[in-house]
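Note on naming: letters A, B, ... go to the chains in the order of the sequence lines (proteins, then strands), and numbering restarts at 1 for each one.
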Number of protein chains: 2
Amino acid sequence: MTRTSRSSYHHGGLRQAVLDAALDVIAAEGPGALSLRDLARRAGVSHAAPAHHFKDRTGLLTALAAEGYALLAEALASAPELRERGVRYVRFAVEHPAHFQVMFQPELLRADDPDLLAARERASVELRAGVAGLADVPDARTAGIAAWSLAHGFATLLLTHNVTGALGDRDPEEYFRSLTGLLFTGQLPPDQEGKRE
Amino acid sequence: MTRTSRSSYHHGGLRQAVLDAALDVIAAEGPGALSLRDLARRAGVSHAAPAHHFKDRTGLLTALAAEGYALLAEALASAPELRERGVRYVRFAVEHPAHFQVMFQPELLRADDPDLLAARERASVELRAGVAGLADVPDARTAGIAAWSLAHGFATLLLTHNVTGALGDRDPEEYFRSLTGLLFTGQLPPDQEGKRE
DNA sequence: CTCTGAACTTGTCAATGCCTAGATTGCGGC
DNA sequence: GCCGCAATCTAGGCATTGACAAGTTCAGAG
């Protein structure tokens with residue numbers, strides 16, 4: 001599969017090739033720098049070939065977002081409890097910055113795309129599942145939003161280079177664990193005790 | 001002032017006119033939909049006039065971001081304590097969505113612009129000042145990042161229509177107050193007691 | 001009155017998104 | 001084995017855009 005390009009008329013794996021190339025561009029220069037014609041060039045096809053798979057620019061970005069939500073759902077599933085789920089959320093943002101960026105920019109996407117909606121729903125289920133285990137908190141829904149906000153905010157600040165200073169050379173995931181300790185409990189998490197001060 | 005357009009050769013307030021028009025476009029359709037030529041048309045000047053004030057697209061967005069950081073610093077200043085500072089952060093995002101969006105997309109900005117750096121530094125000072133009042137928390141810096149992450153995450157999710165469901169018809173600021181209660185203390189804030197359940 | 005620089009205009013070029021029409025290919029039915 | 005057909009890709013064209021260069025208007029200093 002994914003024949004690299006046998007000089008044949010048909011590319012074979014154009015769709016995924018374009019998606020992958022788009023990820024590189026977005027991660028490096030943001031969604032604004034994305035050009036369909038440039039992606040076509042990279043894949044070695046004519047300038048209108050990508051349009052067949054994605055219709056237009058918005059279609060491509062929507063496909064990327066859907067792919068992102070699928071990956072996120074997969075990453076969140078099978079996480080034991082809430083804190084670990086948060087850690088995986090942050091990890092997803094770090095490992096898939098382009099996906100993450102596109103997923104949370106509604107203006108770039110076709111809001112009613114079926115694939116997008118389905119993938120987002122799957123991710124949403126996984127997100128909500130994480131809060132179910134919480135018993136010692138008054139309002140589970142509010143607690144869920146709080147947890148999501150904390151993880152999402154940290155991930156966003158991380159990707160926008162706004163916490164690099166405070167982070168030093170520490171691992172982002174490890175740092176995030178100490179943040180989760182401040183939510184709900186007001187203490188640093190038990191497995192981090194040796195670290196404080 | 002800001003003569004609307006006296007059919008004179010010089011516009012008089014082009015710079016601010018373009019900035020304001022840009023805010024409308026970005027708030028409605030995102031930074032990607034922004035076109036210098038369109039902004040020029042709206043201001044009733046030739047297509048190259050804006051370039052004189054902003055050099056290029058990046059320059060315009062950088063100016064917007066700087067303006068945003070200045071507004072944020074102003075909004076944060078004179079807030080009594082940390083929670084209120086968070087509320088104002090969220091309020092800023094809601095009232096200035098275009099500014100907020102541009103401020104946190106580094107790829108759109110000229111990172112070394114002096115005005116931008118200065119304005120950001122002023123905002124940063126105000127942000128750090130909020131954590132100073134915290135005494136009952138082990139690590140002030142980590143606590144600051146946690147608070148910032150919570151506020152920033154909630155603001156972002158709000159602007160991307162990701163919490164509209166959970167919010168219902170409640171005021172975003174009020175809702176955020178209940179979130180802050182979960183940080184550090186693990187309880188809902190005292191002035192919200194009647195609300196829970 | 002002139003000089004100078006800021007503000008704005010006009011013209012141009014390469015690049016892009018998107019549309020339409022046409023070419024090529026592989027695949028299933030017969 | 002071959003035929004038709006739909007998916008895939010090519011080729012060309014048009015309107016729009018960002019950026020650049022060179023010229024025009026205007027206001028204020030001296």
Side-chain angles (χ1 to χ4, degrees), chain A residues 1-22 24-26 28-64 102 105 107-110 113 115, chain B residues 1-22 24-26 28-64 102 105 107-110 113 115:
Chain A
M1 58 175 179
T2 313
R3 58 174 64 189
T4 25
S5 91
R6 262 289 173 222
S7 76
S8 68
Y9 193 89
H10 285 45
H11 182 284
L14 218 198
R15 188 186 152 91
Q16 198 57 45
V18 168
L19 284 175
D20 292 348
D24 288 346
V25 174
I26 295 175
E29 311 174 60
L34 199 137
S35 148
L36 288 181
R37 285 171 115 103
D38 178 49
L39 296 178
R41 261 178 309 239
R42 295 182 187 223
V45 294
S46 88
H47 62 91
H52 178 72
H53 294 275
F54 305 106
K55 167 74 177 173
D56 56 14
R57 229 181 90 100
T58 304
L60 167 59
L61 290 166
T62 302
L64 271 183
V102 172
Q105 269 183 288
E107 323 87 37
L108 300 179
L109 311 177
R110 190 127 31 218
D113 182 85
D115 291 351
Chain B
M1 58 172 175
T2 315
R3 59 173 67 187
T4 25
S5 87
R6 263 286 176 227
S7 74
S8 70
Y9 193 91
H10 284 45
H11 181 284
L14 219 198
R15 188 186 152 92
Q16 197 57 44
V18 169
L19 284 175
D20 292 347
D24 288 346
V25 175
I26 295 175
E29 312 175 59
L34 201 139
S35 148
L36 288 180
R37 288 173 114 101
D38 177 49
L39 296 178
R41 251 165 301 185
R42 294 183 187 224
V45 295
S46 86
H47 64 89
H52 178 73
H53 294 275
F54 305 105
K55 171 73 178 172
D56 56 14
R57 229 180 90 100
T58 303
L60 167 58
L61 291 166
T62 302
L64 271 183
V102 172
Q105 269 182 285
E107 322 88 34
L108 300 178
L109 311 177
R110 193 135 16 228
D113 181 86
D115 291 351

Checklist line | side chain to side chain donor-acceptor pair (under 3.5 Å) partners of A:Asp115, counting only residues at least two apart | finding: none
Check: Can you tell me how far C1' of D:dA19 sits from CZ of B:Arg110, to the nearest Å?
Finding: 12 Å
Next item on the list: State, to 0.1 Å, how close A:Thr62 and A:Arg110 come at their nearest heavy-atom pair, and which atoms those are.
Entry: OG1-N, 2.9 Å
Check: Between B:Thr58 and B:Leu109, what is the shortest heavy-atom contact and its length?
Finding: CG2-C, 3.7 Å
Checklist line | Selection: residues 45-57 of chain B, any non-hydrogen atom under 4.0 Å of DNA chain D | finding: B:His47, B:Ala48, B:Lys55, B:Asp56, B:Arg57
Note to self: In this structure, how many angstroms lie between the P atom of C:dA7 and the CZ atom of B:Arg15, rounded?
What the structure shows: 10 Å
Note to self: For A:Arg41, give me all partners under side chain to side chain donor-acceptor pair (under 3.5 Å), at least two apart in sequence or on another chain.
What the structure shows: none
Check: With A:Asp38, which residues qualify under salt bridge (charged side-chain N to carboxylate O under 4.0 Å, His left out), at least two apart?
Finding: A:Arg42
Next item on the list: List the steps and the verdict of side-chain contact (heavy atoms from CB on, under 4.5 Å) for A:Val18 and A:Val45.
Entry: CA-CA 10 Å; A:Val18 168; A:Val45 294; 5.9 Å; no
Notebook entry, point to check: Between C:dT16 atom P and A:Leu60 atom CG, what is the distance in whole Å?
Noted result: 15 Å
Check: With sequence neighbours excluded, what pairs up with A:Ala63 under the side-chain contact (heavy atoms from CB on, under 4.5 Å) test?
Finding: A:Arg15, A:Leu19, A:Phe54
Item checked: Touch class at under 4.0 angstrom, heavy-atom based, for A:Leu34 against every strand present -> sugar-phosphate
N/O-N/O pairs, protein side and nucleotides 14-16 of chain D side, under 3.5 Å:
none

Margin query: Minimum heavy-atom separation for A:Glu107 and B:Pro31, please, with both atom names.
Written below: OE1-CD, 4.4 Å
